[in-house]
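Quantities reported herein were computed from a predicted structural model and do not represent experimental measurements. The sequence lines fix the lettering, A, B, ..., with proteins before strands; numbering per chain opens at 1.
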Amino acid sequence: METPEKTASRPIDFIRQIIADDLRTGKHRTTVTRFPPEPNGFLHIGHAKSICLNFGIALENNGVCHLRFDDTNPSKEEVAYVESIMRDVRWLGFDWHDKLFYASDYFPALHDYALQLIRLGKAYVCELSAEAIREYRGTLTEPGRESPWRNRSVEENLHLFERMKTGEFEEGSHVLRAKIDMASPNLNLRDPVIYRILKVPHHRTGDTWCIYPMYDYTHCLSDAIEGITHSLCTLEFEDHRPLYDWVLDTLQTPCHPQQIEFARLNLTFTVMSKRKLLQLVKEGYVDGWDDPRMLTISGLRRRGYTPAAIRNFCHEIGLGKRESWIDMTVLENAVRDDLNATAPRVMCVLDPVKVVIDNYPEEQVEEMEAVNHPQDPAMGSRMLPFSRELHIERADFMENPPAKFHRLGPGREVRLRYGYLITCTSVVKDEDGTIREIHCTYDPATRGGSTPDGRKVKGTIHWVSARHALPCQVRLYDRLFVAENPEADKDINFKQHLNPHSRICIEAAMAEPSLTDLAAGTQVQFERQGYFCADTVDSQPGKPVFNRIVTLRDTWAKTQQKIN
RNA sequence: UGGGGGAUGGUCUAAUGGUAAGGCGGCGGACUCUGACUCCGCUUAUCGGGGUUCGAAUCCCUGUCCCCCAGCCA
């Protein structure tokens, strides 16, 4: 990992406690964990929690963490997803070394185990239709009924299963089921289907198979084959643990990993399910999986989030078993924290209005030195051209400012950061009343923004020289949803809570000229505005396009709200 | 209403029979050439009712509320 984690004092979570106990008692010498995504979509911030957990445990215990694709349903899976997942895990800063696996690698072994199950009398080929199986399963309160095919002979089952494999039967006509207990109060144990016929080519095994194993059967065996010590998953699989254990207890497997469940991540003002994210992409509400408003890993990356920020976030939120909602501000804070330390400061005027310094020589240009980071001198400094005509932020001027307004107004003095102190003398307006020019005078004794006479100036504002400014496109991103929980009301479609202002494009912001050749993907702080990143897709050489990652904390905006 | 989980300030996480702690948020203040950063202060909690105990968030009983499960998805 390139960045050391924040040493936040957080007690270890219940999973790490279990692991520490297992290590201490000698149950295990080391840890083998795994991150097992299904390649049917892009990874999102919720997956990051699991990635940081599993790979983090490996790092902490000198163990290993496998990356295993759970690719047992070829009708939903694609290589493109495999590639994006590998990229995202690497980008987050984790390394699976040579431990890259696919559940599909185990199809032959899984098939052998199925044969074993049949020979044990613990699995049978069932010819009930999908609907019939559902009916036979019973309900939450009533037991199920046994399938009429449940008591076939081992030989017949073997023969039928072979015929399923060779493609003799149609999809849906036959399945292989584990023979457990149709009366079990746990529905997962009512003879679950473990193999189904799917005449679909697989992205890795091609046409080799037309029967594919189900998750519950595959996952535990894959874990056992790989020698996983702790198999960590989310709460909804708690009910599946008895089945996980049944398969491994019934078959003679090399080991029996322990499944431990934890609560998935819920974040306010977003949706997390792959299905809903896919819907946003497919229906064009966002520009793709990597739209900077998406909380996918690729979206966060394009937005400008750093891997360290995401890792710190995953660490800060903790781990437990209760359903919890993490406030979006916690994520936003994590980037602010990281970028505050690492992002160079620059100036960019988002909503420009012209300032003319009447007593400044017409053709004169001065080079003003500006430090790149006020708390980190090692980041050096740069020179900013200063001239008679500048751009400042429209919001930094008010004709009739309220008491606490520390910025420019008629007769008021303000500091131009690293520039001069200027005082507003007059204003030029259009017919419609919008301000076109602000006229000022400057104090030559305040070069660089200093006050040799020691006078205090409340306000310091950012600016760029009009002649030297780099016009650029800036996208102001905000949260995608306006509702804290867009899925809360089942009668209201989550898309009705989309934020209509989640992206505001500014076509001609004015940036300081040093930004001209900023490399795409680089994060900077626009002073007094927020953290921005040169977009990796739309930036051109010499013509960067900026994404707002997150605003700076803005206490002025808060007090302003209170005034109104 | 069967089974499996869960309930600690606004929110997230600790305390593993012995002073209910910390982060985030919020509020107030200090500092400041970013109304940023940093620093300081404040605020608010053990789901209810019984019991065991010198002592209970923790153990027992009981009640309430919330989440998950009836895919040939994972």
To the nearest angstrom, the NE2-P distance between A/His202 and B/rA74 comes to 10 Å
Practice prompt. Would you indicate what A/Pro143 reaches in the nucleic acid, counting non-hydrogen atoms under 4.0 angstrom: base, sugar-phosphate, or nothing?
Written response: nothing
Please classify the nucleic acid contact of A/Ile461 as base, sugar-phosphate, or nothing, using heavy-atom distances under 4.0 Å. nothing
Can you check whether A/Arg528 has a side-chain N or O nearer than 4.0 Å to OP1 or OP2 of B/rG35? yes
Please determine if a side-chain N or O atom of A/Arg415 lies less than 4.0 Å away from the OP1 or OP2 oxygen of B/rU34.
no
Measure distances between side-chain N and O atoms of A/Arg407 and base N and O atoms of B/rG35, and say whether any donor-acceptor pair falls under 3.5 Å.
yes
- Could you give the distance separating B/rG48 and B/rU38 at their C1' atoms, to the nearest angstrom? 45 Å
Reckon A/Thr218 touches a base, only the sugar-phosphate, or nothing at all at heavy-atom distances under 4.0 Å? nothing
**Prompt:** What nucleic acid atoms does A/Leu267 come within less than 4.0 Å of, heavy atoms only: base, sugar-phosphate, or nothing?
**Reply:** nothing
Both conditions, 6.0 Å and 45 degrees, for the charged tip of A/Arg145 above the ring of A/Tyr136: are they met here?
yes
Exercise. Is any side-chain N or O of A/Arg134 closer than 4.0 Å to OP1 or OP2 of B/rG71?
Worked result: yes
Correct closest heavy-atom pair for A/Ala509 and A/Cys348 would be CB-SG, 4.1 Å
In whole angstroms, the gap separating C1' of B/rC67 from CD of A/Glu323 amounts to 5 Å
Scan A/Val175 against the nucleic acid and name what it touches under 4.0 Å (heavy atoms): base, sugar-phosphate only, or nothing.
base
Exercise for the section: Quick one: label A/Thr72 by what it contacts on the DNA or RNA (base, sugar-phosphate, nothing), any heavy atom closer than 4.0 Å. Expected result: sugar-phosphate
Scanning all shown strands, the Watson-Crick or wobble mate of B/rA36 with both distances under 3.5 Å is none
*Could you go through the side-chain contact (heavy atoms from CB on, under 4.5 Å) check for A/Arg417 and A/Leu384 one step at a time?*
CA-CA 10 Å; A/Arg417 186 132 161 105; A/Leu384 299 172; over 6 Å; no
In whole angstroms, the gap separating C1' of B/rC72 from CE of A/Met214 amounts to 6 Å
Please state the P separation for the pair B/rG63 and B/rG3 - nearest whole angstrom. 14 Å
Q. Is the shortest side-chain N/O distance from A/Ser184 to OP1 or OP2 of B/rG3 below 4.0 Å?
A. no
**Prompt:** Does the side chain of A/Asp327 come under 3.5 Å of the side chain of A/Thr329 through a donor N or O and an acceptor N or O?
**Reply:** yes
Using only heavy-atom distances, determine whether the side chains of A/Arg34 and A/Ser231 contain a donor-acceptor pair under 3.5 Å. yes
Taking B/rA74, B/rG35, B/rG5 as options, the one with an atom nearest any side-chain atom of A/Tyr215 is B/rA74
Exercise. Remember a base hit wins even if backbone is also touched, and classify A/Phe237 as base, sugar-phosphate or nothing at under 4.0 Å, heavy atoms.
Key: base
Do A/Gln525 and B/rU34 have a side chain to base donor-acceptor pair shorter than 3.5 Å? yes
Separation of B/rG3 atom C1' from A/Met182 atom CE, nearest Å, is 15 Å
Just to be sure I understand the rule, does A/Phe405 reach a base, reach only the sugar-phosphate, or reach nothing, if contact means heavy atoms closer than 4.0 Å?
base
What's A/Ile326 touching, base or sugar-phosphate or nothing? Going by heavy atoms closer than 4.0 Å.
sugar-phosphate
Quick note, A/Arg345 side chain, CB onward, closest among B/rU34, B/rG2, B/rU13 is B/rU34
| said: Classify A/Leu140 by what it touches in the nucleic acid, base, sugar-phosphate, or nothing, heavy-atom distance under 4.0 Å. | reply: base
Ignoring backbone atoms, establish whether A/Thr555 has a side-chain N or O less than 4.0 Å from OP1 or OP2 of B/rA36.
-> yes
Taken to the nearest whole Å, CG/A/Asn340 to C1'/B/rU32 is 14 Å
Checklist entry - Is it the case that A/Glu226 and A/His66 place a side-chain donor and acceptor less than 3.5 Å from each other? => result yes
Exercise. Expressed as a whole number of Å, how far does the P atom of B/rG10 sit from that of B/rC69?
Worked result: 29 Å
*Does the side-chain ring of A/Trp556 sit on the six-membered ring of the B/rG35 base, less than 5.5 Å centre to centre and under 30° in tilt?*
yes
query: If we ignore angles and hydrogens, is there a donor and acceptor under 3.5 Å between the side chains of A/Asn73 and A/Ser75?
result: yes
Applying the 3.5 Å cut-off to both distances, the Watson-Crick or G-U partner of B/rG2 turns out to be B/rC69
When rounded to whole Å, the CG to P distance for the pair A/Asp239 and B/rC68 reads 12 Å
B/rG23 glycosidic conformation (syn if within 90° of 0, otherwise anti) is anti
Please tell me if A/Lys558 has a side-chain N or O lying less than 4.0 Å from either OP1 or OP2 of B/rG26.
yes
* Asked: Is a donor on one side and an acceptor on the other found under 3.5 Å between the side chain of A/Tyr217 and the backbone of A/Ala178?
  -> no
At under 4.0 Å, does any side-chain N or O of A/Arg322 touch on OP1 or OP2 of B/rU8?
yes
Paired to B/rU52 by Watson-Crick or G-U wobble criteria (both distances under 3.5 Å) is none
**Sugar-phosphate, base or nothing in reach of A/Arg336, heavy atoms under 4.0 Å** = nothing
OP1 or OP2 of B/rG71 under 4.0 Å from side-chain N/O of A/Arg137:
yes
Partner of B/rG63 under the Watson-Crick or G-U wobble criteria, both distances under 3.5 Å, comes out as B/rC47
Ring-base stacking, A/His219 with B/rA74 (5.5 Å, 30° cut-offs)
no
Q.
Tell me whether the side-chain N/O atoms of A/Asn40 come closer than 4.0 Å to OP1 or OP2 in B/rC73.
A. no
Rounded to whole Å, the CD1-P distance (A/Ile12 to B/rG23) equals 20 Å
note: A/Gln17, atom CD; B/rU13, atom P; distance rounded to Å ~ 14 Å
Distance-only side-chain donor-acceptor flag, A/Gln259 / A/Glu261, under 3.5 Å: yes
